[in-house]
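Structure, as structure tokens:
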Amino acid sequence: MARIHFFHSLRRAWLLLSLLAALPLAAATESGTPPRRILSTTTAGTALLIELGAAGELAAIDRYGKIVPGTEHAAEVGRGSALSAERVLLLEIDLAVIWYYQHSLQSLFRRMNIPTFIVPPLRCDNYPDVVEALGKRIGRAEKAAELAARFRRLIRELEQNAPARRTRVYLELYSPCRSAGNESYAGDLLRLSGGENVVSSLQRSGTVSAEAIIHGDPEVIFVVDGFTSPDELVKRSGWGEISAVRNRRVFTIDRKYLVPGYDPAGAIREMSRLLHSSRKQ
């Protein structure tokens with residue numbers, strides 16, 4: 001069995017080397033021709049490609065991108081930065097949309113002569129710029145300009161009509177007392193939806209003390225679906241005195257809304273609805 005496994009691995013390695021050898025030796029450069037076979041390892045990029053009408057060109061995604069509707073046809077080639085180079089080659093990918101921190105993929109695709117579109121750290125203020133840049137890269141500049149203009153218009157309207165008194169809110173991320181920072185994508189969502197983050201000292205997302213949260217007395221608490229439940233949170237020591245707990249205003253947020261760049265307009269609408277809802281759960 002070991003010998004069979006060895007020869008199987010050797011055959012796979014030979015196939016991969018053969019495919020690599022068949023590629024041009026010149027470094028990959030962006031051409032003026034729109035890509036026909038796109039790989040996306042970013043959920044934000046995958047969602048944008050679908051929204052830009054490029055579902056037909058989306059040939060492959062990573063496992064996390066499966067949460068985006070309309071990706072059922074795309075091949076799954078790995079998870080995050082752990083991809084199958086062999087499958088990527090066989091799929092004849094001619095553009096890879098990747099995160100700024102996926103340095104190993106940048107190096108891999110450079111060796112494979114596959115051009116890349118790198119998604120930068122996303123905040124709500126630079127989101128429309130990324131939409132336009134990606135749209136231009138894939139030959140859908142007009143659609144991208146329309147989407148970007150719509151989002152910029154939404155931001156202006158929200159800022160112009162910001163409530164005089166914001167709702168005090170605490171957003172717990174993926175573990176107890178891990179909070180969204182003010183200078184983060186999630187912090188942007190809270191602010192634009194009319195909330196005031198009670199963890200005001202935290203700029204980047206991180207863990208804070210329970211005492212700081214209790215002292216901030218949030219009127220609304222958001223927890224992420226699948227990580228913390230409202231029932232678990234209200235049982236924590238000392239949390240029963242928090243306004244949100246006493247008034248039963250602890251709400252569950254779908255995790256997809258906290259993925260940077262995944263439907264920020266939808267995330268803002270959902271948070272705003274819950275922040276300003278008088279109903280209690």
Side-chain angles (χ1 to χ4, degrees), residues 42-54 67-70 119-136 138 140-173 179-200 202-205 216 218-225 243-244 249-281:
T42 82
T43 303
T46 301
L48 269 178
L49 289 166
I50 297 295
E51 196 167 5
L52 289 168
I67 68 170
V68 181
V119 179
L122 282 174
R123 298 282 301 275
C124 284
D125 58 353
N126 74 339
Y127 173 77
D129 298 330
V130 176
V131 173
E132 290 177 325
L134 180 58
K136 182 179 180 182
I138 66 171
R140 284 177 169 78
E142 186 175 344
K143 178 65 173 178
E146 175 189 327
L147 294 176
R150 187 190 309 162
F151 189 75
R152 290 190 180 105
R153 187 163 55 249
L154 171 66
I155 299 301
R156 284 196 302 270
E157 291 172 356
L158 290 170
E159 291 177 340
Q160 290 169 1
N161 299 312
R165 180 190 175 282
R166 293 177 174 272
T167 303
R168 298 190 308 277
V169 60
Y170 164 62
L171 167 59
E172 180 159 291
L173 296 175
S179 175
N182 287 324
E183 295 299 322
S184 69
Y185 178 79
D188 291 345
L189 298 178
L190 292 178
R191 177 178 57 81
L192 290 168
S193 61
E196 177 186 357
N197 191 353
V198 298
V199 190
S200 57
L202 194 64
Q203 297 305 302
R204 295 178 179 271
S205 299
E219 297 165 280
V220 170
I221 294 176
F222 292 137
V223 295
V224 183
D225 187 31
S243 295
R249 301 194 71 202
V250 180
F251 301 107
T252 299
I253 288 288
D254 194 314
R255 183 184 183 184
K256 69 183 181 183
Y257 287 133
L258 299 178
V259 176
Y262 183 99
D263 190 17
I268 293 167
R269 283 193 296 268
E270 177 65 4
M271 287 185 176
S272 180
R273 180 183 71 81
L274 294 173
L275 282 174
H276 303 106
S277 171
S278 59
R279 95 182 142 82
K280 299 178 181 180
Q281 292 186 345

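All of these numbers come straight from a predicted model, not from anything done at the bench.
Going from atom CG of Leu48 over to atom OG1 of Thr42 covers 8.0 Å, rounded to the nearest 0.5 Å. We find the CZ-CD1 distance between Arg249 and Ile221 to be 11.0 Å, quoted to the nearest 0.5 Å. Atom-to-atom distance recorded for Ser193:OG and Leu171:CG is 9.5 Å, nearest 0.5 angstrom.
The minimum heavy-atom distance linking Val199 with Ser179 is given by the pair CG2-OG, 3.5 Å. Residues Gly195 and Val169 approach most closely at CA-CG1, 4.0 Å, considering heavy atoms. Shortest non-hydrogen contact noted between Pro128 and Ala148 is O-CB, 3.6 Å. The two residues Asp188 and Cys124 make their nearest non-hydrogen contact at OD2-N, 3.1 Å. Taking each heavy atom of Met271 and Leu190 in turn, the nearest pair found is SD-CD2, 4.0 Å. The minimum heavy-atom distance linking Ile138 with Ala54 is given by the pair CD1-CB, 3.8 Å.
Ion pairing between Arg123 and Glu183 holds under the 4.0 Å rule for side-chain N and carboxylate O. Between Glu132 and Lys136 there is no salt bridge, since none of the side-chain N atoms of the basic residue sits less than 4.0 Å from a carboxylate O of the acidic one.
For Glu142, the CD atom counts as loosely surrounded, since its 6.0 Å shell holds 12 or fewer non-hydrogen atoms of other residues, nucleotides or ligands.
When atom types are taken as modelled, the side chain of Arg140 and the backbone of Leu134 share no donor-acceptor pair closer than 3.5 angstrom. Between the Asn182 side chain and the Asn197 main chain, no donor and acceptor come within less than 3.5 Å of each other. The backbone N or O of Val223 lies less than 3.5 Å from no partner atom in the side chain of Glu172, so there is not a single donor-acceptor pair.
Two residues are said to be in side-chain contact when any heavy atoms from C-beta on lie closer than 4.5 Å; Pro69 and Ile50 fail this criterion. Put simply, the side chain of Val220 does not reach to within 4.5 Å of the side chain of His276, judged on heavy atoms. Looking only at side-chain heavy atoms (C-beta outward), Leu275 and Phe222 come within less than 4.5 Å of each other.
In this pair, Phe151 and Tyr127 present their aromatic rings perpendicular. The plane angle is above 60°, beyond the 30 to 60° band.
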| Arg152 and Asp129: side-chain contact (heavy atoms from CB on, under 4.5 Å), yes or no, with the steps? | CA-CA 10 Å; Arg152 290 190 180 105; Asp129 298 330; 2.8 Å; yes

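For Glu159, the salt bridge (Lys or Arg N to Asp or Glu O under 4.0 Å) test picks out Arg191, with sequence neighbours left out.
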Return a table of donor-acceptor pairs under 3.5 angstrom between the side chains of residues 253-269 and protein atoms on other chains or two or more places apart.
| from | atom 1 | to | atom 2 | distance (Å) |
| --- | --- | --- | --- | --- |
| Asp254 | OD1 | Lys256 | N | 3.0 |
| Asp263 | OD1 | Gly266 | N | 3.0 |

